[in-house]
Amino acid sequence: MNGHIQPWMEAYLDEELPAGQRRQVDAHLANCPECRAELDQRRALSSLLHSTPAAPQGKSAERFAAEVGLQMQRRPVSAQARSTWLGAAWNAVPLALLAGLVFIEAATLLSTVLMVIPSVSVTLESSLASSSMFASWLRLPAPLNDLVGLLGFLAPFRWNWITALVAPVAIGLLYLSWLAGWWVMQHHNRADY
Amino acid sequence: MMQVEVAVDETHLVQQAQRGDRDAFCELVHLYRERVIDVVYRMCGDPALAEDAAQIAFLRAWQRLPEYQPRAAFRSWLYRIAVNAALDMLRRERPTTAVDDLQLTNNDPQPEAAYEQQEQAALVRRAVLALPEGSRAALVLREYHGLSYREIAETLDISTGTVMSRLNYARTKLLESLAPYLEAR
């Protein structure tokens, strides 16, 4: 070890050094009277600090607790329940955002697929019906045709730049806002005591 | 084994108190009363103020218990409230009992030795009180309450590196101010 152990002195004294560093400090102390003297001084200081008596007890434990008990305001159960409910709702926000994103992406995909299938079916129908004797049974089944009706419902989710870019970005921004709110609340909870 | 049982009991009491159980909280008050009073006393140096500030700390803890999350030790959380209550009290009121005004008890068998001891204790307390608040809090929690660096960091919401530098500062200052007493020992 080069130099003295000053930067590690506190941690060594308080037994907070990892074993490897502790061995290094021990080895240094064995050969450095200066550091040994400083360490002895700090140990003497610790012993002097411990020689001062603890806080004198004025009130008895029962009286102290009784006084605290008398001043304790009842925490309204409804407020607690509300706080629990709000907390659960707050924690559910990221899940709701994820569900929203999945829904929009799925609806966009479904809308795109449905847009492709009817155009294929119509082309097939028109080309085969005129030339084939099997035109009647080549007609697409009714349920598939009914899917075309869904297009009206899924119209807002047709692939376009709004669904492809704006929705995910908006959801991402909402998630970042939630994260910022979460951080602020954590910081507030820790700092406000 | 015993320590585990105490920790389990404490966790149970904290959970009960969080749900609004006043008796469970009073048990916690009994469990921590002496330690909280001592933290506050070492921070403000006045026994009368210390008891008041400790009661305020417990009342604040009761009000904020629903916000407590067990990822930090309950002890660290409570000490944090106690340290802040002590500092608030110090800012609001000056200590009523000067640390060097402490009186000897009449039935002391060796009055001179007792006087010297009290004088020394008063000087030590005064030197500790002269430290900046952050360093004083770190020193009190380490020297008198044996908290680890991690626990002190949790309590004061600082890094363990800052804990180390605050302790170093506090001890270096105390070595300077208490040098005559240290040489005499």
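The figures that follow rest on heavy atoms only: side chains count, while hydrogens, waters and symmetry mates do not. Because the structure is a prediction, the values reported are computed rather than measured.
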**Q** Once rounded to the nearest 0.5 Å, what's the spacing between atom CD of Gln71(A) and atom CD of Gln55(B)?
**A** 6.0 Å
**Q** At a 4.5 Å cut-off on heavy atoms, which part of Ser165(B) comes close to chain A: side chain, backbone, both, or neither?
**A** neither
**Q** Checking Tyr149(B) side chain against Asp14(A) main chain: does a donor-acceptor pair fall under 3.5 Å?
**A** no
**Q** So, do Leu49(A) and Leu174(B) sit near enough that their side-chain heavy atoms are less than 4.5 Å apart?
**A** yes
**Q** Does any heavy atom of chain A fall under 4.5 Å from the side chain of Ile56(B), the backbone, both, or neither of them?
**A** neither
**Q** Tell me, do Gln120(B) and Thr52(A) make a side-chain contact under 4.5 Å, heavy atoms counted?
**A** no
**Q** Which region of Glu38(A), side chain (C-beta onward) or backbone (N, CA, C, O), has a non-hydrogen atom less than 4.5 Å from a non-hydrogen atom of chain B, or is it both or neither?
**A** neither
**Q** If you tally heavy-atom pairs under 4.5 Å against chain B, which of Glu62(A), Met9(A), Gln6(A), His50(A) wins?
**A** His50(A)
**Q** With chain A as the partner, which of Val124(B), Leu59(B), Thr172(B), Val83(B) has the greatest number of non-hydrogen pairs under 4.5 Å?
**A** Leu59(B)
**Q** Heavy-atom distance under 4.5 Å to chain A: side chain of Ala54(B), backbone, both or neither?
**A** both
**Q** What part of Val128(B) gets within 4.5 angstrom of chain A, counting heavy atoms only: side chain, backbone, both, or neither?
**A** side chain
**Q** Hey, are Ser46(A) and Glu143(B) close enough side-chain-wise for a donor-acceptor pair under 3.5 Å?
**A** yes
**Q** Is there a side-chain contact between Arg125(B) and Pro53(A) in this structure, where contact means two heavy atoms from C-beta onward sitting under 4.5 Å apart?
**A** yes
**Q** I need the residue from Arg33(B), Met164(B), His30(B), Arg42(B) with the largest number of non-hydrogen atom pairs under 4.5 Å to chain A.
**A** Arg33(B)
**Q** Check whether Thr160(B) gets within reach of chain A through its side chain, its backbone, both or neither, counting any heavy atom under 4.5 Å.
**A** neither
**Q** Are side-chain heavy atoms of Phe64(A) and Ile37(B) found at a separation under 4.5 Å?
**A** yes
**Q** If we only count heavy atoms from C-beta on, is the Gln41(A) to Arg171(B) side-chain gap below 4.5 Å?
**A** no
**Q** Judged by atom type as modelled, is there a donor-acceptor pair below 3.5 Å linking the side chain of Arg42(A) to the main-chain atoms of Leu175(B)?
**A** no
**Q** Do Arg142(B) and Glu10(A) have side chains that approach each other closer than 4.5 Å (heavy atoms only, starting at C-beta)?
**A** no
**Q** Hydrophobic cluster membership, with links at side-chain heavy-atom distances under 4.5 Å among I/L/V/M/F/W/Y: are Leu97(A) and Leu176(A) in one?
**A** yes
**Q** Would you find a donor on one side and an acceptor on the other, under 3.5 Å apart, between the side chain of Glu51(B) and the backbone of Gly58(A)?
**A** yes
**Q** Taking Ala54(A)'s backbone N and O only, do any of them form a donor-acceptor pair with Asp38(B)'s side chain (distance below 3.5 Å, no angle check)?
**A** no
